[in-house]
Amino acid sequence: MWHHRRHIENGLVTPAMHDVSARRRPPGPSVSSLRLKPYALTVAGDFILLGGTYAAYFFTTGTFWAWALPAAVAHVGILAALRLYRANLKYLNFFSLRTLFFVALLFAAATQACWFYNGRIYPVHAVILFSTQNIFTLLHRLFWYFRLNPEALVKKQGLTPVIIYGAGTVAHHLLEDLSAEDLLGKYQIAAIVDNDPDKVGGHVGPYKIFNGTALRALVEKHQAKEIWFTMPAKPDFLKQVMDTLAGLTVAYKVIPRKLHEFAPDIRNLRIEDLIRRPEIRLDEKPVEETIRDKRILITGAAGSIGRELSRQIAALQPARLTLIDQWEHGVYQLEQEFRNENIFCAVADIRNERRLIDIITTEKPQIIFHAAAYKHVPLMETNHLQAIDTNILGTSHLILAADKYAATLPPGETVRIVNISTDKAVAPENIMGITKRIAELLMYNLARLGSGRLKTVSVRFGNVLGSSGSVVPLFWEQIQQGGPLTVTHPDMERFFMTIPEAVRLVLQAAALRDESEGILALDMGKPVRIVELAERLILLAGKKPHSEVPIVFTGIRPGEKLKEELFWEKDSVQTAIPFIFKSTSDVKTVDIGNFLQLLKSALEENRSRSWYREFLLKYA
């Protein structure tokens, strides 16, 4: 469809003309269908113009003028070999002009070399040949440029000034690409900067390359509104650029290195670009061997982590993938996304033990990923009974149902549960963290008391960007409304990780068969100050923090801590997989049967939130 529209713009047959031809003419090529494209006309036009200049040159130098024909064919052939005729006629780029200049110079020099070999030389004629060829071919392209861009006769106003950061291959493709005019019709390239001293002072097309240290001065001089990164940009580098332009209203965008048919896909810089760590290279073979041809079950599959687990596991070709969640619409969305015959989606609540037993008995999972839980800290402070019912009792139901099924397996076969835990389970001070810590202890203790064919492991990690309830979507919404952004405390810190990265590491942890009955933690990198996160998001939106979009501090909410920890700085050892650590002290033996009995009795007596907190902390 796009190509069809482009052909109509270039003067080709229209749909209406095609219909008339089809009605009035017998089968066969119509006159309109034989109409040449501007690109073909450019080749023909170059051949005629160059042939004419060669004919005039050979005639004035007393040579047989018919030699102009092979000379013109060779000239146009070299231009075609250099892909000049692939360049879009709607965009006069430096590559086209440079190619025309050097090929004309080459042929002018070749004619003089031939004359010199025969003892004669015509330097004036050569200069005239060279000049006329460049003038004619340039005028020819200007004709098509204004023919296809009639609005170019009037100087465009309102273009967005842009500075490109990076003078590598992507920048070259951006300026010389077939589709570059679509970008340059909206934007004006003000300057190109690069940190490589060998590139500084050179050119990308007609644009000079400046040193990255001159970025702020260039932004102020050209009043640039956007920075386009066309080079690999690590978080520290991106932060440095944003700090350099602090106080200026600039938007940041990224052009991926992999271009689809050289068509640049410009996207806004995302917060993930600023806090992600260097790419973790991990051996995917153990994960494939763990998942492929296995029967997998995921609880909480409609949530942020559960859905990404579903996607990555489905790609590894399990024999059967069972996705359960208590959220009806979420399960419907899963059904729409996963339509394979070997994927089963079910509405099920882990608080319903009978339902879990039925599903596990029917689906016969070999590995269970337990992602169902309540995770919002302030909400669980005021809804503590729901947190206890789901995070503790629901987890116990899952473990007991899995163990009941595992007991029926032949010798040597096991069921494995991978429990998705949280950094808030470390030294917990809130209901959510306490209940997740109890869930870790349930995994360890109930598995040990069971049939012996149930293996469990808990995997801790911190906040994930973009998850439901995450601070980032809230900040974006507040920015769109003009602020203010609400931050609880200026010193509040959290660990952050992208959802796909967290799930990849969870799957790696699941492949650690020797680390059963323990607690693992993912290396979350350095903690991020929430106020800094808010400031970066405002900058990404092209606004100034505090002045254009204010930030207010609302105070620490119930159950929140200033800083979180994952344990590995003490009492932990590294596993066989980098970035995954194992606790050496967080696992302990608890009389879990007595605990569950006391808890259920207390729930019947309707105790206070403070009582539950103190009771659970005795075990946590």
Side-chain angles (χ1 to χ4, degrees), residues 159-171 173-175 180 182-184 186-196 204 207 209-259 263-279 465-466 471-473 475-480 482-483 485 496 498 528-549 551:
L159 299 183
T160 303
V162 170
I163 291 180
I164 295 176
Y165 210 123
T169 304
V170 177
H173 285 165
L174 177 63
L175 298 179
D182 296 329
L183 299 173
L184 299 180
K186 304 174 184 177
Y187 302 99
Q188 175 188 356
I189 307 301
I192 296 178
V193 299
D194 200 287
N195 295 332
D196 187 348
V204 176
Y207 304 101
I209 303 171
F210 294 89
N211 196 306
T213 56
L215 178 62
R216 186 179 182 92
L218 290 169
V219 170
E220 293 175 339
K221 175 182 177 181
H222 298 286
Q223 296 183 336
K225 300 301 181 185
E226 296 184 5
I227 305 293
W228 291 358
F229 294 99
T230 59
M231 58 188 292
K234 296 181 179 180
D236 289 343
F237 165 72
L238 294 174
K239 293 177 183 177
Q240 181 182 355
V241 171
M242 297 176 77
D243 290 339
T244 300
L245 302 181
L248 301 178
T249 303
V250 181
Y252 302 89
K253 295 187 176 181
V254 174
I255 299 181
R257 293 177 61 78
K258 295 181 180 179
L259 305 179
D265 179 18
I266 296 178
R267 68 166 175 83
N268 290 329
L269 192 66
R270 296 190 287 256
I271 192 63
E272 292 93 327
D273 297 311
L274 296 177
I275 69 172
R276 71 168 185 254
R277 294 164 299 165
E279 182 179 356
L465 290 170
V471 69
V472 174
F475 282 166
W476 275 124
E477 182 180 348
Q478 292 174 338
I479 290 172
Q480 297 302 317
L485 269 65
F496 283 100
T498 64
V528 177
R529 292 177 65 232
I530 303 300
V531 67
E532 180 182 344
L533 184 69
E535 291 170 345
R536 299 296 181 190
L537 284 170
I538 295 171
L539 289 171
L540 291 182
K543 301 180 182 298
K544 300 175 184 177
H546 304 290
S547 58
E548 292 185 347
V549 179
I551 298 175

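The chain is numbered in sequence order, starting from 1.
Using a distance-only test at 3.5 Å, with no hydrogens or angles considered, a donor-acceptor pair links the side chain of Lys544 to the main chain of Gly247. No side-chain donor-acceptor contact under 3.5 Å links Thr230 to the backbone of Val170. Here the side chain of Arg216 pairs a donor or acceptor atom with the backbone of Ala246 at under 3.5 angstrom.
Proximity of Val193 to Ile209: side-chain heavy atoms (C-beta onward) are nowhere separated by under 4.5 Å. Between Val472 and Leu533 there is a side-chain heavy-atom pair separated by less than 4.5 Å. Proximity of Phe475 to Ile538: side-chain heavy atoms (C-beta onward) are nowhere separated by under 4.5 Å.
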(request) For the pair Ile551 and Glu535, evaluate side chain to side chain contact (heavy atoms under 4.5 Å, CB included) and give the outcome as yes or no after the intermediate values. (result) CA-CA 8 Å; Ile551 298 175; Glu535 291 170 345; 3.7 Å; yes
(request) Test side chain to side chain contact (heavy atoms under 4.5 Å, CB included) on Ile189 and Ile163 and set out the steps. (result) CA-CA 6 Å; Ile189 307 301; Ile163 291 180; over 6 Å; no
(message) What verdict does the side chain to side chain contact (heavy atoms under 4.5 Å, CB included) test give for Leu245 and Tyr252, after you've listed the backbone C-alpha separation in whole Å, the side-chain angles of each residue and the deciding distance to 0.1 Å?
(response) CA-CA 11 Å; Leu245 302 181; Tyr252 302 89; 3.7 Å; yes
(request) With side chain to side chain contact (heavy atoms under 4.5 Å, CB included) as the test, would you mind laying out the steps for Val162 and Ile227 before giving the verdict? (result) CA-CA 6 Å; Val162 170; Ile227 305 293; over 6 Å; no
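The shortest heavy-atom contact between Pro545 and Leu539 is CD-CD2, 3.7 Å. Scanning both residues, Asn195 and Gly212, for their nearest heavy atoms gives OD1-CA, 3.5 Å. Between Ala171 and Gly166 the shortest heavy-atom distance is CB-O, 3.3 Å. Minimum heavy-atom separation, Leu218 to Ala191: CD1-CB, 4.2 Å. Between Gly168 and Asp194, the shortest heavy-atom contact is N-OD2, 4.5 Å.
Note that the CD1 atom of Ile164 and the NZ atom of Lys253 stand 12.5 Å from one another [nearest 0.5 Å]. Distance CG/Leu248 to CE/Met242: 12.0 Å, rounded to 0.5 Å. The structure places CG of Leu537 at 7.5 Å from CG of Leu485, a figure rounded to the nearest 0.5 Å.
Between Tyr165 and Phe210, a ring centre-to-centre spacing not shorter than 6.0 Å is recorded.
The pair Arg536-Asp243 meets the salt-bridge criterion, with a side-chain N (NZ, NE, NH1 or NH2) lying under 4.0 Å from an Asp/Glu carboxylate O.
With sequence neighbours excluded, no residue forms a salt bridge (Lys or Arg N to Asp or Glu O under 4.0 Å) with Arg529.
Between the side chains of Glu226 and Trp228, a donor-acceptor pair is found at a separation under 3.5 Å.
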